[in-house]
Amino acid sequence: MTNSEIINIGQEHVMGTYARFPIALVKGKGTRVWDGDGKEYIDFVAGIATTNLGHCHPAVTEAIKKQAETLLHVSNLYHIEPQVQLAKWLTGNTFAERVFFCNSGAEANEGAIKLARKYQSDKGLAGKYKVIAAGGSFHGRTLATLTATGQDKVKVGFSPLPEGFSHVPYDDLAALEAAVGDDSAAVILEPIQGEGGIRIPSPGYMKGVRKLCDKYGALLILDEIQTGMGRTGKFLAHQWEGITPDIATLAKGLGNGVPIGALLATEEVASHFGPGSHATTFGGNPLCAAAALATVRAVEAEGIYENCIEVSRHFLKRLEEVKAKSPIVREVRGKGLLIGIELEEGYLAIDAVKILIEKGFLTVVAGERVHRLVPALNITKEEVDSLIPALEETYASMQK
Ligand SMILES: *Cc1c(COP(=O)(O)O)cnc(C)c1O
């Protein structure tokens, strides 16, 4: 179908929860995608940090094909081969000792909040249920995770919201120290805020947060849904920080585009989820687990971390050149291939996104004024270089 045929049907039948751009993407390979009219784009969105190995990665496609011919779904009433292998890989490469599988980021965070409360309640501390999150954070769209999210706009119209959530400014240890206490079940944070505008905390912040959690017996939940899966050049972003959380959540890149989420935890914490305490029909089903297993193995085998770090260095250097030529750019920041370009007051990142679609490049926003670039982690320096003149022209054409 052509772009307009697809768009017309969607506008009539799909709920309008997204302000969609006027193209329909019908095919992808590596860092390229094509729309219904055959136009090619270089993809600096990757499904918002999700197809981290590029579109239709051969190892993942092969694993899906093979699993589809073998066994698609059984219940978690039974042991599942690709699921246990994936859990073994994840515990072998992270702080975690046990894994619970689910279907999305919001569901992983929802599970993390439940697990933290259950842990405290099992210890006889039923009043220790409060969850502290950060301003500007994003944790998902279920009732509990949108309440944890530190942005008012996602909450409008959904009251009453679950009780026991509060917010402190991000990257502010003194504010956290003032808020945390004997009633705190957990602190939930992103190691780098994604939707909140690619905000990277100061050195030492994460260590300080860990210390405060230990002091008050609050669990540290790290939301690695956007920062994980190699996005910053290590499997999980907190692995740069010399600390470990009690719980971490994964989703987005875990299945390279197949929907799967995970809740990682230490044995001490995970042991509080016993039979009947938490469940989900599709969690870690054979198909999704096989895709995710092929994904994590490819991340490890294909030099993804090295490429991410090397291309990041080149990309940030080239973006500093763009900044030097573009008065509307205030700041360039990023770690690995999680990159944000903050525009000056009065400029909207969405305008840059629209112009770049015309030029054959997909990019995305993170808040109103941050232009976000989150390509596949195996993107090349040449592909990055091809974006630079288009970006300079775009910012020049936006200047008032
Ligand atoms: C995308 C995202 C979520 C929500 O994930 P869904 O799969 O859309 O529910 C939660 N936290 C962070 C940091 C994210 O980037």
Side-chain angles (χ1 to χ4, degrees), residues 50 59-123 139-145 162 185-186 219 221 223-225 228-229 235-236 245-299:
T50 295
V60 181
T61 299
E62 196 46 46
I64 293 170
K65 276 189 186 163
K66 214 169 132 201
Q67 193 61 48
E69 288 171 342
T70 309
L71 184 68
L72 270 189
H73 181 79
V74 288
S75 167
N76 280 308
L77 290 169
Y78 312 102
H79 298 273
I80 295 171
E81 185 177 346
Q83 181 188 120
V84 301
Q85 288 177 298
L86 178 60
K88 187 174 176 208
W89 192 97
L90 289 169
T91 55
N93 287 275
T94 69
F95 75 98
E97 290 158 310
R98 291 197 182 264
V99 187
F100 173 86
F101 292 105
C102 56
N103 310 287
S104 70
E107 196 188 353
N109 284 334
E110 185 87 17
I113 293 162
K114 282 180 71 178
L115 179 55
R117 284 188 172 170
K118 182 76 165 43
Y119 169 88
Q120 306 291 6
S121 160
D122 284 354
K123 292 190 150 188
H139 298 298
R141 299 289 196 149
T142 63
L143 277 172
T145 59
L219 298 181
I221 303 170
D223 178 343
E224 292 258 14
I225 290 162
M229 296 301 299
F235 185 66
L236 299 178
D246 302 291
I247 301 173
T249 51
L250 282 178
K252 289 200 164 83
L254 182 54
N256 203 50
V258 169
I260 179 168
L263 183 53
L264 312 183
T266 61
E267 179 71 42
E268 194 206 343
V269 172
S271 62
H272 294 270
F273 262 179
S277 52
H278 194 55
T280 183
T281 295
F282 290 122
N285 97 345
L287 183 74
C288 297
L293 183 62
T295 302
V296 293
R297 285 180 174 163
V299 167

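The shown structure was predicted, so the numbers you read here are calculated from the model rather than taken from an experiment.
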Please confirm whether the backbone N or O of A289 pairs with a side-chain atom of Q83, one donor and one acceptor, at under 3.5 Å?
no

All heavy atoms of G228 vs all of L250, minimum pair found to be CA-CD2, 4.2 Å

Could you please spell out the steps behind the side-chain contact (heavy atoms from CB on, under 4.5 Å) verdict for F101 and N76?
CA-CA 10 Å; F101 292 105; N76 280 308; over 6 Å; no

Find the distance between CG (D246) and CD1 (I221) and round it off to the nearest 0.5 Å.
8.5 Å

Can you measure from CZ (R141) to OG (S104) and round to the nearest 0.5 angstrom?
12.5 Å

Tell me the closest heavy-atom pair linking A106 and T145, and the distance in Å.
O-CG2, 3.4 Å

Output the distance between atom CZ (R117) and atom NZ (K114), rounded to the nearest 0.5 Å.
11.0 Å

Out of curiosity, F235 CZ to E224 CD, how far, rounded to the nearest 0.5 Å?
9.0 Å

When every non-hydrogen atom of S75 is compared with those of I80, the smallest separation belongs to O-CD1, 4.0 Å

Count the heavy atoms of every other residue, nucleotide or ligand shown that sit under 6.0 Å from CZ of F95, and state whether that count exceeds 12.
yes

Are there more than 12 heavy atoms of other residues, nucleotides or ligands under 6.0 Å from atom CD of E81?
no

Kindly give the heavy-atom pair with the smallest separation between A63 and A290, and that separation in Å.
CB-O, 3.8 Å

Who passes side chain to side chain donor-acceptor pair (under 3.5 Å) against D223, sequence neighbours left out?
N109, H139

Shortest non-hydrogen contact between L72 and P286, atoms and distance:
O-CD, 3.3 Å

Value for OG1 (T94) from CH2 (W89), rounded to nearest 0.5 Å, stands at 8.0 Å

Taking side-chain hydrogen bond (donor to acceptor under 3.5 Å, both in side chains) as the cut-off, I'd like each qualifying pair that reaches into residues 60-69, sequence neighbours left out, listed once.
none

Which residues share a salt bridge (Lys or Arg N to Asp or Glu O under 4.0 Å) with E267, sequence neighbours left out:
R98

Might you point out which heavy atoms bring P82 and L293 nearest each other, and give the distance in Å?
O-CD2, 4.4 Å

Which value, rounded to the nearest 0.5 Å, describes the distance between T50 atom OG1 and K252 atom NZ?
6.0 Å

Got a sec, which pairs hit side-chain hydrogen bond (donor to acceptor under 3.5 Å, both in side chains) with one end in residues 284-298, sequence neighbours left out?
H73-N285

Intermediate values then yes/no, side-chain contact (heavy atoms from CB on, under 4.5 Å), N93 and V296
CA-CA 10 Å; N93 287 275; V296 293; over 6 Å; no

With sequence neighbours left out, what residues match K88 under side chain to side chain donor-acceptor pair (under 3.5 Å)?
none

Below 4.5 Å, heavy atoms only, C-beta onward: do V299 and N256 meet side chain to side chain?
no

C288 pairs by side chain to side chain contact (heavy atoms under 4.5 Å, CB included) with which of L254, I64, V258?
V258

Please identify each residue that fulfils side chain to side chain contact (heavy atoms under 4.5 Å, CB included) with H272, with sequence neighbours left out.
L115, K118, Y119, D122

